[in-house]
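Note sheet for the following structure.
Ligands are counted one by one from 1 in listed order, and the atoms in each one are counted from 1 as well. In this text, all values refer to a predicted model and were calculated from it rather than measured experimentally.
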Amino acid sequence: MILSIESSCDDSSLALTSIKDCKLLFHQKISQEKEHSPHGGVVPELASRLHAQKLPLILKNLKDFLQDLSCIKAIAITNEPGLSVTLIEGLMMAKTLALSLEIPLLAINHLKGHVYSLFINQTACIFPLSVLLVSGGHTMILEVKQDSLKPQFKVIAQSKDDSFGESFDKVSKMLGLGYPGGPIIQSLAMHATEELYSLPIPLRHNKELSFSFSGLKNAVRVEIEKQGEHLNASALAYAFQKSACAHILQKCELYFQNQQTQNNNIKHFAIVGGAGANLFLREKIQALCEKYSYELLLSPLEFCSDNAAMIGRAGIEEWKAKNFSDILSLEVSPRNTQLLF
Ligand code: KG4
Ligand code: ZN
C-alpha cells in the first residue's frame, strides 16, 4: 500500500491506499478551520504549528490501525503548490518515513491530486477529461489527455486575481462571518427570500478564457458600505454567489463552444476542489453539461476539500510510472501550478 500525506494548507491528513485495487484503507484528516476562523483566513505560521501537532497524532492512529508498517511500499507527498511553511511539515514527515522504512518517495502536485479525487476507490481513470478546478488557491479549466503512458495536464484557463473559493472567504470576512467562507455564504444564500441586489458578472463582455473575482469582491464591499445597517446579508450572499457562479458558467460555456469548433473528442467534464462542493455551482454546471452533451463527473463531497486520499490515488499512478523522487533533494515548490511532468 501507499501512505500519503497532505499538508499544503490548513488540513492535516494521512491515508493508506491499496496499490492492487486502489481501495482506500485508512483516511484521517484534521481540519484547522476553528483555529483560523477568528482571523478570517489561514494564518500560515499558525497552520504550520498545528500541522506539527496533528500530523504525528494521525500517524499514531495509522500505526495503531496497521500494526505492521512493512506493507507500506512508498510515501506519496504533496510538495507543490501551497504554503511553503505547511508543505515543509508534510515533506519532513514523508522524508523521515521513507528513509527509516527504506521505501521510495512520490512527489505529488496538489492540483493533480484534486483531479484524482474523482477516482478514489476506483482502478480506472477516465481520460481524456476536461476539469473545472475550484479551490481556495486556484480557479482553472484543465485538460487531461492520456498521451502514450502518462496523462498530460494542460492549463486552459486560470484566474487573473482571486480564486473562486477565496472570494467566498473574503465576502464572509467582510460580513464579519467566519472561515471558510464557502459553506457559510452558501447556506446564507439559501435563506435569501428576495432578490434585493444586483452585482456585476466579471469579464462578461470579454471573450478571453480566464477568470477574475476581485472586481466582484469590490462590488460586494461597496454594497455593504452603501447599505450600512439596512444590509440584508442573506440577499447579498445570494447575489454574490449568483454572479460568481454565472461568471464560471459563462467561461465554461465559452470553453465548450471552443471545443465544438475544434472538434475535440473530450466527452467528460469534472468539477474538483474544495469549492466544487458548492451546490448552486454543481446544479448549474450539470445543466450546462447536458446542453453540450458532456458527462459530468463529481468528486464525492467528502473528497472535494483537501485530503490525503486523493494524494494517495495520484500516488498510485506515479508508482506505476516508477516516478520516484530523490529523498534528499526533493524540495517544496509553493508556487508551481504548471502541472508539467
Ligand atoms: O481545495 P480546498 O480544500 O483548499 C485549497 O486547495 O485551497 O478549498 C478550500 C476552499 C475555501 O476557499 C472554501 O471557502 C471553499 O473551498 N469552499 C466553498 C464551498 N465549500 C468550500 N466555496 C464555495 N461554496 C462551497 N460550498
Ligand atoms: Zn486544495
Side-chain angles (χ1 to χ4, degrees), residues 4-13 29-33 36-37 39-42 44 47 51 78-83 86-87 90 108-118 131-140 142 158-159 161-175 177-190 211 213 216-217 220 237-238 240-249 270-285 298-311 313-314 334-337 339:
S4 51
I5 306 175
E6 162 62 40
S7 69
S8 66
C9 190
D10 61 338
D11 294 293
S12 313
S13 181
K29 147 168 157 166
I30 300 179
S31 299
Q32 308 172 356
E33 292 169 356
H36 295 291
S37 195
H39 307 280
V42 177
H51 283 305
T78 306
N79 75 316
E80 63 179 28
L83 299 170
T86 64
L87 286 166
I108 309 295
N109 178 294
H110 180 78
L111 307 180
K112 275 189 206 162
H114 274 301
V115 173
Y116 282 99
S117 69
L118 296 163
V131 182
L132 170 69
L133 186 154
V134 274
S135 71
H138 301 90
T139 307
M140 291 176 160
L142 304 170
Q158 55 188 317
S159 178
D161 41 60
D162 294 348
S163 76
F164 179 74
E166 187 181 8
S167 66
F168 278 72
D169 296 336
K170 290 186 173 165
V171 167
S172 178
K173 191 176 179 181
M174 281 188 255
L175 289 170
L177 306 170
Y179 170 86
I184 296 171
I185 297 297
Q186 173 178 293
S187 65
L188 199 58
M190 278 175 185
F211 300 99
F213 293 93
L216 174 59
K217 174 188 70 185
V220 170
Y238 179 85
F240 160 73
Q241 178 174 261
K242 193 175 162 194
S243 284
C245 290
H247 173 40
I248 299 263
L249 257 283
I271 312 176
V272 302
N278 188 280
L279 299 175
F280 191 79
L281 181 70
R282 283 181 169 223
E283 206 177 280
K284 298 280 174 197
I285 294 276
L298 296 167
S299 343
L301 281 176
E302 65 173 314
F303 298 127
C304 282
S305 57
D306 294 349
N307 65 83
M310 67 187 196
I311 303 303
R313 183 62 189 84
R335 292 180 192 283
N336 188 12
T337 55
L339 297 156

Please determine if the Zn ion (ligand 2) has an N/O/S atom from His110 lying under 2.8 Å away. yes
Winner among Asp11, Leu111, Asp169 once heavy atoms are compared against atom 11 (C) of ligand 1: Asp169
Considering only heavy atoms from C-beta outward, does the side chain of Ile311 approach that of Ile5 to under 4.5 Å? no
Can you find a heavy atom in the side chain of Pro180 that is under 4.5 Å from one in the side chain of Glu33? yes
Does the side chain to side chain contact (heavy atoms under 4.5 Å, CB included) test come out yes or no for Leu301 and Arg282, once each step is laid out? CA-CA 11 Å; Leu301 281 176; Arg282 283 181 169 223; 3.6 Å; yes
Taking the side chain as C-beta and beyond, is there a heavy-atom pair between Leu188 and Leu175 under 4.5 Å? yes
With a 4.5 Å limit on heavy-atom distance, are the side chains of Met190 and Phe280 in contact? no
4.5 Å side-chain heavy-atom contact, Leu111 and Glu80: no
Specify the protein heavy atom at minimum distance from atom 21 (C) of ligand 1: its residue, its atom name, and the distance to 0.1 Å. Gly274 O, 3.3 Å
Protein heavy atom at shortest distance from atom 24 (N) of ligand 1: Asn278 ND2, 2.9 Å
Hey, is Gly137 one of the residues with a heavy atom under 4.0 angstrom from ligand 1? yes
Any nitrogen or oxygen of Ala275, main chain or side chain, under 3.5 Å from a nitrogen or oxygen of ligand 1? yes
Is the Phe213 to His247 ring centre distance short of 6.0 Å? yes
Return the closest protein heavy atom for atom 2 (P) of ligand 1 as residue, atom name and distance. Asp306 OD1, 3.3 Å
Subset of ligand 1 atoms that lie under 4.0 Å from at least one heavy atom of His114: 1 (O), 6 (O)
I need the atoms of ligand 1 closer than 4.0 Å to a non-hydrogen atom of Pro180, numbered in the order shown. 13 (C), 14 (O)
Below 4.5 Å, heavy atoms only, C-beta onward: do Lys29 and Glu6 meet side chain to side chain? no
Compare all side-chain heavy atoms of Asp169 with those of Ile185 and state whether any distance is below 4.5 angstrom. no
N or O contact, His110 vs ligand 1, cut-off under 3.5 Å: yes
Of all the heavy atoms in His138, does at least one lie under 4.0 Å from an atom in ligand 1? no
Among all protein heavy atoms in this structure, tell me which lies nearest to atom 7 (O) of ligand 1, with the distance rounded to 0.1 Å. Gly136 N, 2.8 Å
Rounded to the nearest 0.5 Å, what's the gap from CG on Asp10 to OG1 on Thr86? Could you check? 8.5 Å
Restricting to N/O/S atoms, is Cys9 within less than 2.8 Å of the Zn ion (ligand 2) or not? no
Shortest non-hydrogen pair, Tyr179 vs His36, comes out as CD2-CB, 4.1 Å
Tell me whether ligand 1 is touched by Gln241 - counting only heavy atoms on the residue side and a distance under 4.0 Å. no
Here the N/O/S atom of Asp306 closest to the Zn ion (ligand 2) would be OD1
Can you list the ligand 1 atoms lying under 4.0 Å from a non-hydrogen atom of Ser305? 3 (O)
Should Phe164 be counted as touching ligand 1, given the test is an N or O pair under 3.5 Å? no
Distance-only side-chain donor-acceptor flag, Ser8 / His110, under 3.5 Å: yes
Kindly confirm or rule out an N or O of Phe168 lying under 3.5 angstrom from an N or O of ligand 1. no
Minimum-distance protein heavy atom relative to atom 26 (N) of ligand 1: Gln186 OE1, 3.0 Å
What atoms in ligand 1 come closer than 4.0 Å to a heavy atom of Gly181? 14 (O)
Counting non-hydrogen protein atoms only, what is the nearest one to atom 25 (C) of ligand 1? Give residue, atom name and distance. Gly182 C, 3.6 Å
With a cut-off of 4.0 Å, which atoms of ligand 1 are near a heavy atom of Gly165? 12 (O), 14 (O)
Would you say Ile248 and Thr139 make side-chain contact, with heavy atoms under 4.5 Å? yes
